[in-house]
2 protein chains.
Amino acid sequence: MQVKKSYREPTFRCSCAITSALDILGDKWALVIVKQMLFEGAETFKDFTESKERIATNILSSKLKFLEGLGIVLKSQKPGNKKTNYYHLTPKGIALTPVVVELALWSHENLRTLNPTIGDYEELENIKVNKEDYCKKLMEAYRKKRASL
Amino acid sequence: MQVKKSYREPTFRCSCAITSALDILGDKWALVIVKQMLFEGAETFKDFTESKERIATNILSSKLKFLEGLGIVLKSQKPGNKKTNYYHLTPKGIALTPVVVELALWSHENLRTLNPTIGDYEELENIKVNKEDYCKKLMEAYRKKRASL
DNA sequence: TAAAATAACTTGCAAAATGCAAGTAATATT
DNA sequence: AATATTACTTGCATTTTGCAAGTTATTTTA
């Protein structure tokens, strides 16, 4: 019996590192999901569906499986609860922090005329002067929070 | 008479800066095109179609128009040639350099097991220790090259 | 402990994006 | 004048995404 998978296997267009990253992350949802975990504390399936992006459950389900299959996301069961699953970033997923932060910076500086609903974020100037440090702290904070489960 | 556009207008899912960036860049091609301009000297329609990613001409055409409409790419005519067009990154497009560089770094460290054709790139360790400087130099080099047309 | 609520899905179908092959139109070259 | 080149467009098949409505297995509440 054949099992129909709801998510695709990754295929790589060529040997370019950047293109290969986009073979995996180049869609509307993958990095949004990573962002929700990293910045917004999303952990459970429900957390994601309730976010302001309103991801559809079928897409969410298949993307989480896809990212899990790649070792970017790890699925585990909430202790003492057989129903609720936890989704967390693996080190490979946490390593995407600088990518997401750079997108945020670019967006704030270049997209606010196109999407005026993007707010002015004071802290941004401070982040800009030491991105490295900011990312490191963010990643450390995520790791810590995860470890304390 | 109605003009059928081959490219979509950008629509923003919400007020999140990161999600908004992905509303524009979250697909298989946008950042590949930016990369080709930034790192591989792609300037003309032909340059893009001959790249190793083998982008289809209809996709290329619509993506270039889309990016042009957003002020990320600027189209101009090659001097003394009425046929060939030049496509270049605007400051808004050049500002994507750090995003692309972070993708490259992440890919080299996390994707080489999945796509072994991604080569080992010695210089990468040096780039890692001073990303800021590397990006600045890259952007400056691109600007210079563009100015000398 | 039966009924209701919740979490994490799956399925079906419509719409949009992408991919491929084959055009076309306007230059440029021979 | 004939051929080649560049920058496209068009049509159609495939894949991905979006939306609404299920389904199943656990909790929770009355």
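A note on names: the letters A, B, ... follow the listed sequences, proteins ahead of strands, and every chain is numbered from 1. All of these numbers come straight from a predicted model, not from anything done at the bench.
- In this structure, A/K83 does not reach the C/dT6 phosphate: none of its side-chain N or O atoms is under 4.0 Å from OP1 or OP2.
- The side chain of A/W29 contributes an N or O atom lying less than 4.0 Å from OP1 or OP2 of D/dG18.
- An OP1 or OP2 oxygen of D/dT6 is reached within less than 4.0 angstrom by no side-chain nitrogen or oxygen of B/T44.
- Distances shorter than 4.0 Å separate none of the side-chain N or O atoms of B/K28 from OP1 or OP2 on D/dT15.
- Of the options B/I94, B/V73, B/L25, B/L96, a side-chain contact (heavy atoms from CB on, under 4.5 Å) to B/V34 is made by B/L96 and by none of the others.
- Atom-to-atom, CD1 of A/I55 to P of D/dT17 comes out at 10 Å; the value is rounded to the nearest Å.
- Of all nucleotides listed (D/dA7, C/dT18, D/dT9), C/dT18 comes nearest to the side chain of B/D27.
- The phosphate of C/dA28 (OP1 or OP2) has a side-chain N or O of B/N81 nearer than 4.0 angstrom.
- Residue A/T84 places no side-chain N or O under 4.0 Å from the OP1 or OP2 atom of C/dT6.
- Side-chain contact between A/K131 and A/E102: present, with at least one pair of heavy atoms (C-beta onward) separated by less than 4.5 Å.
- Between the P atom of D/dA7 and the CD atom of B/E68 lies a distance of 14 Å, rounded to the nearest Å.
- Considering only the side chain of B/N85, D/dA7 comes nearest among D/dT17, C/dC9, D/dA7.
- Residue A/K65 places at least one side-chain N or O under 4.0 Å from the OP1 or OP2 atom of C/dT10.
- Checking D/dT10, D/dT17, D/dC19 against every side-chain atom of A/A56, the shortest atom distance belongs to D/dC19.
- Mapped onto DNA chain D by nearest heavy atom, A/G80 and B/L64 fall at different nucleotides, with B/L64 at the one closer to the 5' end.
- Listed pair A/K82 / D/dT24 fails the phosphate criterion, with no side-chain N or O lying under 4.0 Å from OP1 or OP2.
- Contact check, B/K75 against D/dA7: no side-chain N or O comes under 4.0 Å of OP1 or OP2.
- If you check C/dC20, C/dA22, D/dT17 against the side chain of B/T57, the one that comes closest is C/dA22.
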